[in-house]
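The residues of the chain are indexed from 1 along the displayed sequence.
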Amino acid sequence: MRSTNVERLIQEREDLRDLLEDIMERIQEFRDEMLAELDELEDMIAENSGIRIH
């Protein structure tokens with residue numbers, strides 16, 4: 001391979017790694033938000049039913 005091809009492949013790999021890291025961070029943020037929303041929902045259900053879930 002020519003060095004330009006190798007350099008391009010290396011850059012593409014780095015770009016894909018950065019994209020994967022960004023996706024993983026967004027998934028973690030979404031997961032954290034959903035867990036917080038579920039906790040709030042559990043609290044609302046418990047308040048309305050008179051039973052504590054936690």
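In this structure the side chain of Gln28 never reaches within 4.5 angstrom of the side chain of Glu25, judged on heavy atoms. Between Asp22 and Asp18 the shortest side-chain heavy-atom distance does not fall below 4.5 Å.
Note: the hydrophobic cluster containing Ile27 does not contain Leu35 (ILVMFWY, side chain heavy atoms under 4.5 Å, direct or indirect links).
The environment of CE in Met34 is crowded: more than 12 heavy-atom neighbours from other residues, nucleotides or ligands sit within 6.0 Å.
Taken from CG in Asn5 to CD1 in Ile10, the straight-line distance is 11.0 Å, to the nearest 0.5 Å. Put simply, CD on Glu37 and CE on Met44 are 10.0 Å apart, with the number rounded to the nearest 0.5 Å. We find the CG-CG distance between Asp15 and Leu20 to be 12.5 Å, quoted to the nearest 0.5 Å.
A salt bridge links Glu12 with Arg8; the closest basic N to acidic carboxylate O contact falls under 4.0 Å.
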